[in-house]
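Report on the structure given below.
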Protein chains: 2
Amino acid sequence: MDFNKELSMQACPVSFVMNKIGGHWKPIILYQLMSGPKRYSELKRAIPTITEKMLIQHLKQLQADGLVDRHAEPVVPPYVIYKFSDRGESIKPVLNAIAKWGYEQWSADNI
Amino acid sequence: MDFNKELSMQACPVSFVMNKIGGHWKPIILYQLMSGPKRYSELKRAIPTITEKMLIQHLKQLQADGLVDRHAEPVVPPYVIYKFSDRGESIKPVLNAIAKWGYEQWSADNI
DNA sequence: ACAAGTACTTACCCTTAAGTAAGCAAGCGT
DNA sequence: ACGCTTGCTTACTTAAGGGTAAGTACTTGT
């Protein structure tokens, strides 16, 4: 059950991080936010294959994990921007290291 | 379907890496292998909650992705060791960076 | 009065990942 | 002859993640 998952996160710091930034959509969302704050509709347009359900679900999770801040202007139509929190900023180097390795390997695969 | 997954991996290098080292068990297996080559039964004992099915399945996937090498001695009972390949070695710094951030954040959560 | 835009929410289904449990091969010690 | 060990494999079941499609609130423009 979830018991094993909890145990893994305590025993393996890499698992802990994967739970925060892993999965199908979170890397893509974070990658988009790395180029600066974006509003909801911008993210939606930037990631055409994502459904609204997945987008909002993962944005909420990223917020709950303290990686992303949400700021809503009380106007109509709504204006909501998402951006890295301070804690989120601290993971950018890690994401860049991952992306760098990924890009190198991707190139190596395609020679 | 898988089409979207393929697309993501091309569009987002972080997703590409997550596909190689993400998921529930792969981080834990890799973390164990970082302390040196291990035989199948050692891994099994080091990760008590993993099932043999999952262990072998992910070891095979890691092999297929070229991150892990398998070496079998033709003896009985079988003697099989798993270790990082050359390509696998190149991801160790990334895994360490992930683990370091994870450990820091884990501490921050528990103050 | 009504369509359009923005940021969601909800209910339902379907595919993928993971867990359960059993079996197999091949020799070695007793 | 029999059980033991090691490294797997297979069939079946269950839980999780993701996709589809519809609806909501609130206001501006026509």
Query raised in the report: Starting at CG of B/Leu43 and ending at C1' of D/dG7, how long is that distance when rounded to a whole Å?
Result: 12 Å
Query raised in the report: So, is A/Tyr79 close to the C/dC8 phosphate, meaning a side-chain N or O under 4.0 Å from OP1 or OP2?
Result: no
Query raised in the report: Can you tell me if NZ on B/Lys92 sees more than 12 non-hydrogen neighbours from other groups inside 6.0 Å?
Result: yes
Query raised in the report: Which of residues 66-73 of chain B sit near DNA chain D, with a heavy atom under 4.0 Å from it?
Result: B/Arg70
Requested in this report: Please examine the side chains of B/Gln32 and B/Ile47, heavy atoms only from C-beta on, and report whether any two atoms are closer than 4.5 Å.
Outcome: yes
Query raised in the report: From A/Ile50 CD1 over to A/Leu43 CG, what is the distance, rounded to the nearest 0.5 angstrom?
Result: 8.5 Å
**Report entry** Atom pair CD1/NZ of B/Ile56 and B/Lys60 - distance to nearest 0.5 Å
**Finding:** 6.0 Å
Query raised in the report: Are A/Tyr40 and A/Glu52 linked by a side-chain donor-acceptor pair shorter than 3.5 Å?
Result: yes
Query - Atom pair CD1/CG of A/Ile28 and A/Leu55 - distance to nearest 0.5 Å - result: 11.0 Å
Report summary line: Sorted by chain and residue number, the salt bridge (charged side-chain N to carboxylate O under 4.0 Å, His left out) partners of B/Lys53 (sequence neighbours excluded) come out as none
Requested in this report: Report the distance from atom CD of A/Gln61 to atom P of D/dA16, rounded to the nearest whole Å.
Outcome: 14 Å
Query raised in the report: Are A/Ile81 and A/Asp69 close enough that some pair of their side-chain heavy atoms sits under 4.5 Å apart?
Result: no
**Report entry** Inter-axis angle, terminal five-pair segments of the helix from C/dA1-D/dT30 to C/dT30-D/dA1 [nearest 10°]
**Finding:** 10°
Query raised in the report: Does OP1 or OP2 of D/dC8 have a side-chain N or O of B/Tyr82 closer than 4.0 Å?
Result: yes
What N/O pairs connect the protein and nucleotides 25-30 of chain C at under 3.5 Å? Give each pair on its own line.
none

Query raised in the report: Over how many whole Å does the gap from A/Ile47 atom CD1 to D/dG18 atom C1' extend?
Result: 15 Å
Query raised in the report: Below 4.5 Å, heavy atoms only, C-beta onward: do A/Glu42 and A/Tyr82 meet side chain to side chain?
Result: no
Query raised in the report: Under a 4.0 Å heavy-atom cut-off, which of residues 50-59 of chain B touch DNA chain C?
Result: B/Thr51, B/Lys53, B/Met54, B/His58
Query - Interatomic distance where NZ belongs to B/Lys44 and P belongs to D/dG7 [whole Å] - result: 8 Å
Query raised in the report: Would a 4.5 Å heavy-atom cut-off, applied to side chains only, mark B/Pro93 and A/Trp101 as touching?
Result: no
Report task. Check for a donor-acceptor pair, side chain of A/Ser85 on one end and backbone N or O of A/Gly66 on the other, with a separation under 3.5 Å. Result -> yes
Report task. Please determine, by modelled atom types, if B/Ser41 and B/Lys38 share a side-chain donor-acceptor pair under 3.5 angstrom. Result -> no
Query raised in the report: Of all the nucleotides listed (C/dG19, C/dA7, D/dG18), which has the minimum atom distance to the side chain of A/His24?
Result: D/dG18
Query raised in the report: For D/dT6, does either OP1 or OP2 sit under 4.0 Å from a side-chain N or O belonging to B/Arg39?
Result: no
Query raised in the report: Just how far, in rounded Å, is P of C/dC8 from CD1 of A/Ile81?
Result: 12 Å
Query raised in the report: Are any of A/Lys60's side-chain N or O atoms less than 4.0 Å away from OP1 or OP2 of C/dT9?
Result: yes
Query raised in the report: Can you list the residues that meet the side-chain hydrogen bond (donor to acceptor under 3.5 Å, both in side chains) rule with B/Thr51, with sequence neighbours excluded?
Result: none
Query raised in the report: Do side-chain atoms of A/Lys26 reach the backbone of A/His58 as a donor and acceptor pair under 3.5 angstrom?
Result: no
